Amino acid sequence: MSLVTTKEMFKKSIDKKFAIGAFNINNMEFVQAITDAAAEENSPVILQTSSSAIKYARIPYLKKMVEASLEEHDIPLALHLDHGPDFETCKMCIDNGYTSVMIDGSKYDFEKNIELTKKVVDYAHERGVVVEAELGKLAGIEDEVNVAENDAMYTDPDQAVEFVEKTGCDSLAIAIGTSHGAYKFKGEPKLRFDILEKVKELMPQVPIVLHGASTVIQEYVELCNKYGGNMPGAKGVPDEMLHEASQRGVSKINVDTDLRLAMTAAIRKTFTEKPEEFDPRKYLGPGRDFIKETVKHKIKYVFGSSNMA
Ligand code: G3H
Ligand code: 13P
Ligand code: ZN
């Protein structure tokens, strides 16, 4: 099978009320763990690279690793640019065979966000590539842009309708209280499901995306802390809330932090328990296993995309 766009998988997700996991990748272990897990669950999956992932690993390596996974697995798989910061980065990914790009104009005002998104949509659609856009601001770090918590702005559902109509984007990331990274909530986790409900009421057929959706798995935080890490108060979006989001019309759920934690927990544990070890396969391997376990859990018990390939 070759790479696909997100069109069919999103249509299915809306019809059957489940979400598709979009997992960030930077290296081979992540690609293998995520695609092995998705294949075992017979689930569609999205692999995404931020522009800093591209700087780190470089497009030819990322693209060929993702394609290599399709030699082993027969599942719908999209390669997506996460948080494209400008037209040029989106163009570069489209020209290099990505099947989906995100243009993140959420840092701009409404009109400029529309103008930039439309420009990317025009270029992408002419080449059969789909576009995710963002309206509203998440607190935390958005791919090199640091949005202060009090600057975070929930998405306005009426503006969202106008935005989708004017830009022609294929999916929309909305801000309902999630944020990027490992410290999402100071108090109790809270999401504005009322905003999601209104958006879906107004645009039932538009695929909705949730960024900053890691659970910040406490088992991995505890392992990190136990083996020399320092992550006090790390907290994310509980599985139950993510499951509810998948039932209430979110089609794509973005996860990066949980996979980073899984890899780091395994590495820290191995380094502490086997200080004599210096073969990278002996610590990257357990990291890959933890990531695979994490992705399988999300697909099966949280997003509901098992057997939806
Ligand atoms: O939303 C941001 C993603 O977690 C990517 O982060 O820019 O550090 O690769 P990154
Ligand atoms: P997390 O930091 O919650 O994993 O969010 C990742 C994300 O939104 C990537 O775009
Ligand atoms: Zn994001």
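As the structure is a prediction and not an experimental result, all values here were calculated from the model. Every number for a ligand or one of its atoms is a count from 1 in the order of the listing.
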Looking only at non-hydrogen atoms, which of S52, G181, S51 approaches atom 7 (O) of ligand 1 most closely?
S52
Judged on heavy-atom distance to atom 2 (O) of ligand 2, which of T215, T257, D258, V237 sits nearest?
T257
Verify the distance criterion only: is there a donor paired with an acceptor across the side chains of [X] and [Y] at less than 3.5 Å?
X: T215; Y: D239; value: yes
X: Y220; Y: T294; value: yes
X: K252; Y: Q48; value: yes

Would you say [X] and ligand 2 have an N/O pair spaced under 3.5 Å apart?
X: N254; value: yes
X: K184; value: yes
X: G181; value: yes

Region of H83 engaging ligand 1 - heavy atom pairs below 4.0 Å:
side chain
For [X], atoms of ligand 2 separated by under 4.0 Å from a heavy atom:
X: N24; value: 9 (C)
X: H211; value: 8 (O), 10 (O)
X: V255; value: 4 (O)
X: H83; value: 10 (O)

Heavy atom of the protein closest to [atom] (residue, atom name, distance):
atom: atom 8 (O) of ligand 2; value: G212 N, 2.8 Å
atom: atom 9 (C) of ligand 2; value: D82 OD2, 3.1 Å
atom: atom 7 (C) of ligand 2; value: H180 CD2, 3.4 Å

For the Zn ion (ligand 3), the nearest N/O/S atom on H211 is atom ND1
Closest to the Zn ion (ligand 3), among the N/O/S atoms of H180, is atom NE2
Please work out, at 4.0 Å between heavy atoms, whether the side chain, the backbone, both, or neither of S50 comes within that distance of ligand 2.
neither
Strictly below 4.0 Å, N to O, side chains only: are [X] and [Y] in salt-bridge contact?
X: K12; Y: E8; answer: no
X: E115; Y: K119; answer: no
X: E222; Y: K226; answer: no

Kindly state whether the ring of F87 and the ring of Y123 have centres lying under 6.0 angstrom apart.
yes
Any idea which atoms of ligand 1 are less than 4.0 Å away from a heavy-atom of D256?
3 (C), 4 (O), 5 (C), 6 (O)
Atom indices of ligand 1, in the order listed, that fall short of 4.0 Å to a heavy atom of N24
3 (C), 5 (C)
Has K235 got its NZ or CZ under 6.0 Å from the middle of the six-membered ring of F185, at an angle within 45 degrees of the ring axis?
no
Does R288 count as lying over the ring of F290, i.e. NZ or CZ under 6.0 Å from the six-ring centre, within 45 degrees of the axis?
no
Between D279 and K282, does a salt bridge (Lys or Arg N to Asp or Glu O under 4.0 Å) hold up when you go through it step by step?
CA-CA 6 Å; D279 177 347; K282 296 292 178 354; 3.6 Å; yes
Aromatic rings F110 and F163: how do their planes relate, parallel, tilted or perpendicular, breaks at 30° and 60°?
tilted
Quick one: do R260 and D256 satisfy salt bridge (Lys or Arg N to Asp or Glu O under 4.0 Å)? Show the steps, please.
CA-CA 6 Å; R260 293 178 178 192; D256 188 356; 2.9 Å; yes
Hey, does R260 come in under 3.5 Å of ligand 1, counting only N/O atoms on both sides?
yes
